[in-house]
Amino acid sequence: MNVLVINCGSSSLKYQVIDSDSEQVLAKGLCERIGIDGRLVYQPKGGEKEITDAPMPTHKEAVSMVLDALTNEKTGALKSLDEIGAVGHRVVHGGEKFTASTVISDEVLKTVEECNDLAPLHNPANIIGINACRDLMKDVPMVAVFDTAFHQTMPKEAFMYGIPYEYYEKYAIRKYGFHGTSHSFVSKRVAEIVGKPYESLKTIVCHLGNGASICAVENGKSVDTSMGLSPLEGLIMGTRSGDVDPSVIEFIANKENLDAAGVLSILNKKSGVEGISGVSSDFRDLEAAAGEGNEKAQLALDMFCYRVAKYVGAYVAAMNGVDVIAFTAGIGENTAIVRKAVCDRLGYLGITLVEEKNNTRGEELKISTDDSKVAVYVVPTNEELAIARETVALVG
Ligand code: ADP
């Protein structure tokens with residue numbers, strides 16, 4: 001079955017068509033600047049990337065252009081839309097209402113809408129994308145795959161904040177965690193690689209991308225993760241601060257004459273390694289700048305790695321041990337100096353890296369020695385494939 005995977009943001013929409021039998025990507029691309037002017041990027045398997053500038057006032061026009069490109073006589077990956085068997089949608093926040101992927105119905109959409117409060121920037125955009133697809137592909141079954149669902153197995157002691165209990169009861173304020181599709185995909189793959197049952201393995205997944213989070217997966221279940229009510233908590237990220245003392249918010253607000261939303265915008269968009277270094281949020285730029293002696297770029301890298309190592313240590317404690325540590329996503333898969341700096345801080349776990357293996361990029365690989373007490377792997381994530389698999393499992 002061919003699955004159209006959609007990841008819809010407020011002004012962008014990423015898509016892939018995946019043949020679920022061969023698990024090959026038949027076509028992929030994105031729509032950018034939706035509601036501003038509009039640009040479609042389309043690339044069929046083995047073909048050239050095509051870029052078309054065309055007005056996209058709403059997501060419906062964007063989806064319509066994607067479907068046209070997919071069925072274009074010359075370069076389309078499909079002969080007709082009948083070849084799309086199902087659509088899998090990434091949905092950021094499922095609150096406590098969704099513990100697994102779900103076939104989309106009117107009822108389900110209403111419940112997703114009830115979670116909008118928890119992810120005001122992301123969920124409304126996801127819903128717009130779902131509605132646009134439902135309008136244009138009326139008879140095609142659709143599935144929502146939630147970033148939060150995998151973490152719904154966390155125990156209460158891990159997901160509650162130390163604030164009055166009534167806020168949990170009244171407003172559902174708690175840790176939810178994100179990147180669940182990736183943490184689930186990578187931890188399952190780890191079990192396959194090491195040849196042990198998923199249900200009896202302790203894995204720590206370090207998803208280090210522009211957004212970054214760590215997850216403790218014990219016996220196939222997420223038992224703790226570093227992001228919280230929103231993706232702002234936890235690690236230092238590209239432009240997000242990660243953990244700070246909440247008092248910092250009032251302090252900056254008073255000094256800079258901002259309201260809470262203004263400070264949160266700084267913590268989300270102007271902080272992290274970019275805010276510290278003043279150079280970039282991209283680790284390639286940071287590495288280059290640090291190599292040229294830029295001390296703030298070096299500090300940003302050191303702070304990032306220190307925070308990752310600290311969370312790994314915390315999750316070893318949470319699980320009372322660890323069998324495998326896996327690095328994934330843009331930085332986790334590509335940046336050898338980060339993996340080395342993190343693992344150098346984890347010598348107490350009996351970890352030894354093989355330097356030349358660590359110096360490769362983007363490949364599935366064991367980078368620790370065979371006698372290392374904890375195995376360390378690079379495992380490329382593939383959230384689109386994970387969404388396609390979930391979709392087929394539900395509607396196939
Ligand atoms: P997201 O999906 O959260 O946008 P990604 O997982 O794509 O993030 O990771 C993006 C980050 O990965 C970039 O900001 C960059 O720092 C890092 N990255 C990507 N490719 C490389 C590379 N070849 N070498 C070093 N870092 C890389």
Side-chain angles (χ1 to χ4, degrees), residues 5-16 25 28-30 32 41 90-92 119 121-122 125-126 145 147-148 177-186 189 205-215 225-227 230-242 268-292 294 296-298 300-305 307-308 326-342 358-365 367 378-387:
V5 176
I6 298 276
N7 180 356
C8 196
S10 56
S11 67
S12 70
L13 182 156
K14 292 187 202 146
Y15 65 92
Q16 284 193 4
V25 178
K28 64 179 178 182
L30 76 157
E32 292 173 296
V41 180
R90 176 190 180 213
V91 179
V92 168
L121 296 180
H122 295 102
N126 300 152
V145 180
D147 272 23
T148 49
F178 298 87
H179 292 140
T181 313
S182 176
H183 288 303
S184 160
F185 178 88
V186 171
R189 182 69 198 134
V205 180
C206 305
H207 177 111
L208 310 179
N210 206 19
S213 71
I214 303 199
C215 182
T225 191
S226 58
M227 284 178 167
S230 83
L232 184 55
E233 190 181 339
L235 301 179
I236 294 171
M237 309 180 209
T239 64
R240 294 190 194 121
S241 62
N268 270 301
K269 296 182 186 152
K270 299 229 163 25
S271 300
V273 291
E274 181 173 293
I276 296 155
S277 67
V279 172
S280 169
S281 61
D282 192 302
F283 275 58
R284 287 163 287 200
D285 302 334
L286 289 175
E287 223 184 312
E292 285 162 11
N294 184 318
K296 285 187 184 153
Q298 187 59 55
L301 288 171
D302 293 344
M303 288 169 68
F304 179 88
C305 297
R307 183 78 58 93
V308 172
F327 288 96
T328 194
I331 300 157
E333 292 166 28
N334 292 297
T335 312
I337 56 156
V338 166
R339 293 190 298 251
K340 177 161 169 35
V342 171
N358 185 45
N359 285 335
T360 56
R361 55 174 75 232
E363 265 178 71
E364 185 176 287
L365 195 67
I367 56 171
V378 175
V379 179
T381 192
N382 191 337
E383 286 167 285
E384 290 78 14
L385 178 57
I387 291 173

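Remember, it's 1-based here, ligands and their atoms both numbered in the order they're listed. Treat the numbers as computed from the prediction; the structure is a model and nothing was measured. The residues of the chain are indexed from 1 along the displayed sequence. Only heavy atoms go into these numbers, but all of them, side chains included; no hydrogens, no water, no symmetry mates.
- There is a protein heavy atom closer than 4.0 angstrom to atom 16 (O) of ligand 1.
- Neither the backbone nor the side chain of Glu287 has a heavy atom within less than 4.0 Å of ligand 1.
- Rounding to the nearest 0.5 Å places CG of Asp302 at 15.0 Å from NZ of Lys296.
- Asp147 is listed as a side-chain neighbour of Thr181, based on a closest heavy-atom distance under 4.5 Å.
- Residue Leu208 has no N or O atom closer than 3.5 Å to an N or O atom of ligand 1.
- The shortest N or O to N or O distance between Phe283 and ligand 1 is below 3.5 Å.
- Aromatic ring orientation, His179 versus His207: parallel (interplanar angle below 30°, classes split at 30° and 60°).
- Of the N or O atoms in Gly209, none lie within a sub-3.5 Å distance of an N or O in ligand 1.
- Contact annotation: for Thr335 versus ligand 1, heavy atoms closer than 4.0 Å belong to the side chain alone.
- Between Glu364 and Arg189 there is a salt bridge, since a side-chain N of the basic residue sits under 4.0 Å from a carboxylate O of the acidic one.
- The structure places CD1 of Ile214 at 6.0 Å from CG of Leu208, a figure rounded to the nearest 0.5 Å.
- Annotation: atom 6 (O) of ligand 1 to nearest protein heavy atom, Gly330 N, 2.9 Å.
- The nearest protein atom to atom 24 (N) of ligand 1, hydrogens excluded, is given as Arg361 NH1, 2.9 Å; this is a heavy-atom distance.
- Of the candidates Arg284, Glu383, His207, it is Arg284 that places a heavy atom closest to atom 27 (C) of ligand 1.
- Heavy atoms of Gly211 come nearer than 4.0 angstrom to ligand 1 in at least one pair.
- Nearest protein heavy-atom contact of atom 13 (C) of ligand 1 is Asp282 OD2, 3.8 Å.
- Ranking protein heavy atoms by distance to atom 8 (O) of ligand 1, first place goes to Asn210 N, 3.0 Å.
- Separating the CG atom in Leu286 from the OG atom in Ser281 is a distance of 8.0 Å, to the nearest 0.5 Å.
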Show your working on side-chain contact (heavy atoms from CB on, under 4.5 Å) between Asn294 and Ser277 and close with a plain yes or no.
CA-CA 8 Å; Asn294 184 318; Ser277 67; 5.7 Å; no
Test side chain to side chain donor-acceptor pair (under 3.5 Å) applied to Glu333 and Thr328, step by step
CA-CA 5 Å; Glu333 292 166 28; Thr328 194; 3.3 Å; yes
